[in-house]
Amino acid sequence: MVKRRGTSKLLRMKGSENTDDLISGLPDNLLHHIMSFLNTREAVQTCILSKRWKNVWRTLPYLYLNFNDFKLDVSNRYSPDLFMDFVSNLLLHRDPTCLHTFQLDCRYPLDSDDEIISGWARYALMHNPRVLSLLVPNDAASQLCHSVFNCTSLEELHFGYINMLDQIKLVPETIVTPHLRHLRLYNVHLNEKFMEKMFSECPGLTDLHLVWCSLKIRSIRSQKLKCLTLHQCEYEMEMQLIDAPSLTELCIKGLEAIRYEINITSMPSLLKVVVSYSSFQPRWSVIFPRFSNVQQLELKGASIETLLETELPTCPIFHNLRSLFIQLHCRTCDIALTANFVRYCPKLEELVLSLDYHCQCATTLTNVFRETRISKQLRTVTLFRPKLLRKIKVLHIDCCIRAEQIVQALKHRGLWECRN
C-alpha cells in the first residue's frame, strides 16, 4: 500500500488519538442547517453515517416532502406507496420539536384518503412552523383552509393545488396570522371579503403572489404591500383599482385577461415591472406612463411588438431605467421598434433581447462589452457608443436564425458598428 507523502507528520500534528471527523463534532443546530440543503429523504439517510448522526434527523426543523423525490430505482416512474409510507413513518418517529419549515408537495393524485394528507399538514401546524408550503389535492386543501389561516406562527405561506382543473374556494371563517409577511396562493378562488379580511388581519403582509387564481374582486388595497404578482389569473368581475403606494415590484402575466384598464395609483417606490401578454391583441393602452419611473422593465409575450407600436407615439422618458428585457418573436419581431424605444431610456445600462423558443435557435447568451464575438457564425460586432447609448455596459442577445438580421437592423439605427 502506497502511503501518501506527509501523512504521518500530519497525524502527529493533529493527534492520532482524534479520529472523529470535524463535521460530526458540530452542535445539532449547525448540523440541522447543513441538512436543510437536502431533501428530507436524503436527510434521514444520514443516520447511517455514524452513531453521532443516528438521531439527528429526529429533531430536524426543516422538512421538505416532495412526491417528485420518490422514484423507483429501476425506472422513471414514481412510487406513491413509498412516498406515503415514508412521510407517515417520518412524522410518527420524529421528536415533537418545533418546526421552522414544512413543505408538502403532493401535486399528483395519490391513491389515499385525503384525511391522511390533511393529518400530515395538521401535524406541521401543531408544531408552530414559520414557513409552510402545502400543495395538496383540492379536498385536502378545503379541509385545511381554516386551520392554515389560523396558525399564528406563520411568516410565509404557500397554499393551493397545481391542477388548473380544480379550484379551491378560500372561505376561512377567521384569519389569525399576525406575523404573515409572504403569501403565495395557487389555483384558488378569491372574493372581495377574503381580500379585505386578509389585508386587515395580516398587517405585516409585504409579498402577495396569486398564481392561476380566479379573482372576484374590484380592488387590491394595501399600504404596506411591496411585491405583487398576478400570474395568469382569471377576473370574474371588473378590477378597477390597485392602490399600493409602497409597492417596489409589480408583475402582471396574462394582462390580456383583464377586460378593463385598471386605475393604478401613484407608486413612487416602484423599481421593477414585469408585463406579459399571452394574446396578440392587448386590451390595455398607455402602459408606459404608469411605470416611467422604474429601474427595471420586462416586456414579454406574443404581442409585445403591438404594444410597442401603440405606446411609442406617446412614450415618456424613462429617466431611471437601467435594465430592459424585451422578449421578441422571430416571426413578428421588428427590431426597429426596440431600437426606437431604447432612445427613450437615456440611463440604460443593460439590454436583454430574448427570442422565443419556437424558433430553431443555436441559443447563445452573450455579453457584449466593446468588442465581443457573438458566435462563430456571425461577424465580430462592436458596440457603437454614441451619446444616446454611451452608458450601456451590457447587451445580451439570445442568438437564433435571425441574429444577423438583428445586428444589421441595429447597425442601420446607428446603434452598432460591424466589422468583418
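Taking CG of Leu60 as the reference point, atom CG of Asn55 lies at 13.0 Å (rounded to 0.5 Å). One distance of note links CG of Leu297 with CG of Asn320; it measures 12.5 Å at 0.5 Å rounding. Here Leu183 contributes atom CG and Leu210 contributes atom CG; the two are 7.5 Å apart, rounded to the nearest 0.5 Å. Atom-to-atom distance recorded for Ile34:CD1 and Leu26:CG is 5.5 Å, nearest 0.5 angstrom. Between the NE2 atom in His319 and the OG atom in Ser292 there is a gap of 8.0 Å [rounded to 0.5 Å]. Taken to the nearest 0.5 Å, the CD atom of Gln295 stands 10.0 Å off from the OG atom of Ser323.
Here the shortest heavy-atom pairing between Gln223 and Ser246 reads O-OG, 2.6 Å. Nearest heavy-atom pair, Cys202 versus Ile175, reported as atom, atom and distance to 0.1 Å: SG-CG2, 4.0 Å.
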Check your understanding: So Trp57 and Thr46, side chain to side chain donor-acceptor pair (under 3.5 Å) or not? Walk me through it.
Key -> CA-CA 8 Å; Trp57 67 270; Thr46 61; over 6 Å; no
Review point. Would Leu38 and Tyr62 count as a side chain to side chain contact (heavy atoms under 4.5 Å, CB included) if you check the C-alpha gap in whole Å, the side-chain angles of each, and the deciding distance to 0.1 Å?
Key: CA-CA 9 Å; Leu38 307 174; Tyr62 309 93; over 6 Å; no
Check your understanding: Under the salt bridge (charged side-chain N to carboxylate O under 4.0 Å, His left out) criterion, do Arg58 and Asp28 qualify, and how do the steps go?
Key -> CA-CA 11 Å; Arg58 291 178 182 270; Asp28 281 5; over 6 Å; no
Practice item. Give the intermediate values and the outcome of ring pair (Phe, Tyr, Trp, His ring centres under 6.0 Å) for residues Phe70 and Phe86. Key: CA-CA 9 Å; Phe70 290 81; Phe86 176 83; 5.3 Å; yes
Exercise for review: Starting from the C-alpha separation in whole Å, work towards a yes-or-no answer on side chain to side chain donor-acceptor pair (under 3.5 Å) for Asn150 and Thr174.
Suggested key: CA-CA 7 Å; Asn150 284 270; Thr174 58; 2.7 Å; yes
Practice item. For the pair Glu298 and Lys272, evaluate salt bridge (charged side-chain N to carboxylate O under 4.0 Å, His left out) and give the outcome as yes or no after the intermediate values. Key: CA-CA 8 Å; Glu298 296 185 14; Lys272 180 179 179 180; 3.7 Å; yes
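By the 6.0 Å contact criterion, NZ on Lys224 is open, its count of non-hydrogen atoms from other residues, nucleotides or ligands being 12 or less. No more than 12 heavy-atom neighbours from other residues, nucleotides or ligands sit within 6.0 angstrom of CD1 on Ile48.
Proximity of the aromatic rings of Tyr344 and Phe318 is defined here by a centroid distance below 6.0 angstrom, and this criterion is not met. A ring-centre distance under 6.0 Å is not found for Tyr64 and Phe102.
Under a 3.5 Å cut-off, the side chain of Ser88 and the backbone N or O of Asp85 do not form any donor-acceptor pair. Remark: the backbone N or O of Leu225 is paired with a side-chain donor or acceptor of Ser222 at under 3.5 angstrom. A donor-acceptor distance shorter than 3.5 angstrom exists from the side chain of Arg94 to the backbone of Thr97, with no hydrogens or angles considered. No donor-acceptor pair under 3.5 Å is formed between the side chain of Ser118 and the backbone N or O of Gln143.
The aromatic rings of Phe67 and Phe83 stand perpendicular to each other, their planes meeting at an angle above 60°, with 30° marking the opposite boundary.
For residues 122-159, the pairs satisfying ring pair (Phe, Tyr, Trp, His ring centres under 6.0 Å) are Tyr123-His127, Phe149-Phe194, with sequence neighbours left out.
Residues Glu115 and Arg122 are paired through a salt bridge, judged by an N-O separation under 4.0 Å between the basic side chain and the carboxylate.
Between Leu247 and Leu228, some side-chain heavy-atom pair lies under the 4.5 Å cut-off.
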